[in-house]
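Heads up: the structure comes next, in C-alpha cells.
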Amino acid sequence: MPKKWFICPDGEHIEIEACLQKCRMGSRCATRPYLRMAGEERPYSGHASVTMLERCTRMVWLSNRHDYAVDPDDSAFRILGIRVHEKLDDLANEKEESETFLDIDGIRGVTDLVEEDNGEYVLTDTKVVGSFAVAKMLGISKIATKPIYTEAGEPVMYVRGPKKGAQKTLDVYGPDPARADVSDYIRQPNLYRLQWNATHAPKKIDRLQIQAIVRDGGTITAKGRGVTRNKYIIPIPIMDEDELREWAVKERGRIEDFLSNDIIPPVGTDKETWNGRFCQGYCPVREICRNVGDNPWLKGGGEDDA
Ligand code: SF4
Ligand code: SF4
C-alpha cells in the first residue's frame with residue numbers, strides 16, 4: 001500500500017495525484033518537484049536493507065500494508081538529505097567510489113563514499129542531523145568557564161541579584177572524547193565496511209567516519225549546545241565483525257519473518273522510537289499505529305501526546 005494522501009496546511013487530506021494536478025487551496029504549500037519527492041516511497045523489496053535493521057519494523061510493515069497520509073512539511077529534511085547525497089555523488093571523482101550498492105547475506109546497502117586517502121581506505125557515511133545528535137556523537141559538554149571583559153578590557157560584573165559584584169562568565173564547550181557516544185550511528189558504517197571488504201579485496205577499509213552536516217547549524221540552539229560549526233567529521237570505531245554479522249543476520253531474519261506474514265510487529269524499541277519521540281512527532285504511520293491501541297507513546301485519538 002502506498003503513501004496515498006498529502007495533509008494540507010488546513011489539515012484536510014488530498015490524494016497525491018490530485019494535489020499534483022491541482023492544488024485544492026489558494027496557493028501551493030510547495031512546488032510540484034518538492035511534492036513529487038515528498039510523495040516518493042521505497043516499497044519493501046523482499047530483502048532487509050542496512051537502514052531497515054535499525055528502524056521500527058512495525059513502521060515498515062504498516063507502511064507496506066496500509067494507505068497512509070503524509071504532511072509535505074515532514075519531508076523537508078529527508079529531501080535536503082537526498083539532495084546533499086546526490087550532489088556529493090556527482091562531485092566524486094574516479095578515485096572516490098560513491099553510492100556503491102552492496103549485498104551481504106541478503107542484506108542490501110549503499111555506501112556513501114569510499115576514498116583512498118594517504119594510503120588508507122576511508123569509508124564515509126554522510127548524515128544531515130540535528131545539533132543534539134552531533135553534540136552527543138562528539139561528547140560536547142561544558143569544559144570550562146571564562147570571565148567576560150568589555151572591549152576596553154574591563155571585567156563585566158553583575159550589578160544586581162545574588163551574584164552582585166561577581167564577574168560574569170561564559171560557558172566554554174568542547175568535545176570530550178570520554179563522553180562521545182556514537183552508539184546510534186556505529187552499526188551502519190560498520191555493516192557497509194563488512195559488505196565492502198567482502199566484495200572489494202584488496203581495498204580493505206581502514207577507517208570509518210561520519211560526515212555530519214548540522215541541520216540547525218548556526219542557530220542559537222546549536223551554539224547553546226556547543227555545536228559551533230556546520231559540519232563535522234566524526235571517527236567511528238570498527239566493530240568486531242563476527243559479532244556484527246551475527247546480529248545483522250539475526251535481525252534480517254526477524255524483519256523478513258514479520259514482513260512476510262500477517263502478524264503485526266510489536267511497537268519499536270525505545271532506541272528505534274527515540275523513547276517515543278519518533279512515534280509522537282515523526283513516524284508517517286503513527287495514526288495507524290495509534291489505532292492498533294498498544295503503543296504507550298500514542299494514547300487515545302486525535303492529537304499526539306507530546
Ligand atoms: S499543494 Fe499543498 S496545499 Fe495544495 S493541495 Fe497539495 S498538499 Fe494541499
Ligand atoms: S508510531 Fe512508533 S511504534 Fe508505531 S510504527 Fe511508528 S515508529 Fe513504530
Side-chain angles (χ1 to χ4, degrees), residues 50-51 54-56 71 73-89 91-92 96 98 111-113 115 117 122-149 151 156 167-193 207-239 268-283 304 306:
V50 169
T51 45
E54 296 193 278
R55 280 204 187 136
C56 170
D71 182 337
D73 257 24
D74 294 344
S75 301
F77 296 129
R78 183 178 63 81
I79 289 173
L80 182 67
I82 292 170
R83 297 316 305 260
V84 166
H85 281 89
E86 283 174 356
K87 195 67 197 165
L88 292 174
D89 187 31
L91 293 173
E96 300 151 2
S98 67
T111 55
D112 284 346
L113 182 71
E115 59 188 328
D117 202 11
V122 184
L123 186 151
T124 303
D125 201 13
T126 295
K127 303 270 183 211
V128 180
V129 282
S131 56
F132 179 82
V134 173
K136 186 175 168 189
M137 279 192 266
L138 291 167
I140 291 178
S141 53
K142 189 174 138 186
I143 51 174
T145 51
K146 72 173 183 192
I148 303 175
Y149 293 91
E151 282 184 11
V156 177
Q167 186 172 2
K168 288 188 176 178
T169 57
L170 199 65
D171 291 340
V172 179
Y173 289 87
D176 176 354
R179 291 180 180 221
D181 178 359
V182 293
S183 57
D184 292 339
Y185 295 90
I186 192 171
R187 281 191 173 130
Q188 208 171 327
N190 269 283
L191 279 164
Y192 293 146
R193 173 177 178 269
R207 282 197 289 119
L208 303 174
Q209 59 189 21
I210 298 273
Q211 174 167 254
I213 297 175
V214 189
R215 202 164 52 210
D216 53 342
T219 62
I220 291 172
T221 308
K223 288 179 181 163
R225 292 191 172 118
V227 178
T228 53
R229 289 162 47 199
N230 294 334
K231 57 119 193 67
Y232 291 84
I233 292 285
I234 302 169
I236 297 292
I238 287 180
M239 294 175 73
T269 63
D270 287 353
K271 191 162 192 267
E272 289 163 350
T273 64
W274 310 347
N275 292 318
R277 277 188 301 121
F278 187 81
C279 303
Q280 291 170 342
Y282 303 96
C283 176
D304 293 336

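The first residue in the sequence is number 1, and the count goes up from there.
- Side-chain atoms of Phe77 and Val128, non-hydrogen and from C-beta on, never get closer than 4.5 Å to each other.
- Considering Thr111, Asp125, Ile210, Leu208 as possible partners of Gln188, the one that fulfils the side chain to side chain contact (heavy atoms under 4.5 Å, CB included) test is Asp125.
- For the atom pair Thr145 OG1 and Lys168 NZ, the distance stands at 15.0 Å (nearest 0.5 Å).
- Here the CG-CG distance, from Leu138 to Asp181, works out to 11.0 Å after rounding to the nearest 0.5 Å.
- Here the side chain of Asp74 pairs no donor or acceptor atom with the backbone of Gly281 at under 3.5 angstrom.
- To the nearest 0.5 angstrom, Asp184 atom CG is 9.5 Å from Trp274 atom CH2.
- Rounding to the nearest 0.5 angstrom, the gap separating the CG atom in Leu123 from the CD atom in Glu115 is 9.5 Å.
- Here the shortest heavy-atom pairing between Tyr282 and Arg277 reads CD1-O, 3.6 Å.
- For the pair Lys127 and Asp112, the salt-bridge criterion is not met [side-chain N within less than 4.0 Å of a carboxylate O].
- At most 12 heavy atoms of other shown residues, nucleotides or ligands fall within 6.0 angstrom of atom CD1 in Ile220.
- A donor-acceptor pair under 3.5 Å is absent between the side-chain atoms of Ser75 and the main chain of Arg78, judged by distance alone.
- Pairs passing the side-chain hydrogen bond (donor to acceptor under 3.5 Å, both in side chains) check and including a residue from residues 210-231, sequence neighbours excluded, read Thr126-Gln211, Ser131-Asp216, Ser131-Arg225.
- Contact record, Gly217 with Ala222: CA-CB, 4.4 Å, taken as the closest heavy-atom pair.
- Contact check for Ile234 versus Tyr185: no side-chain heavy atoms found under the 4.5 Å cut-off.
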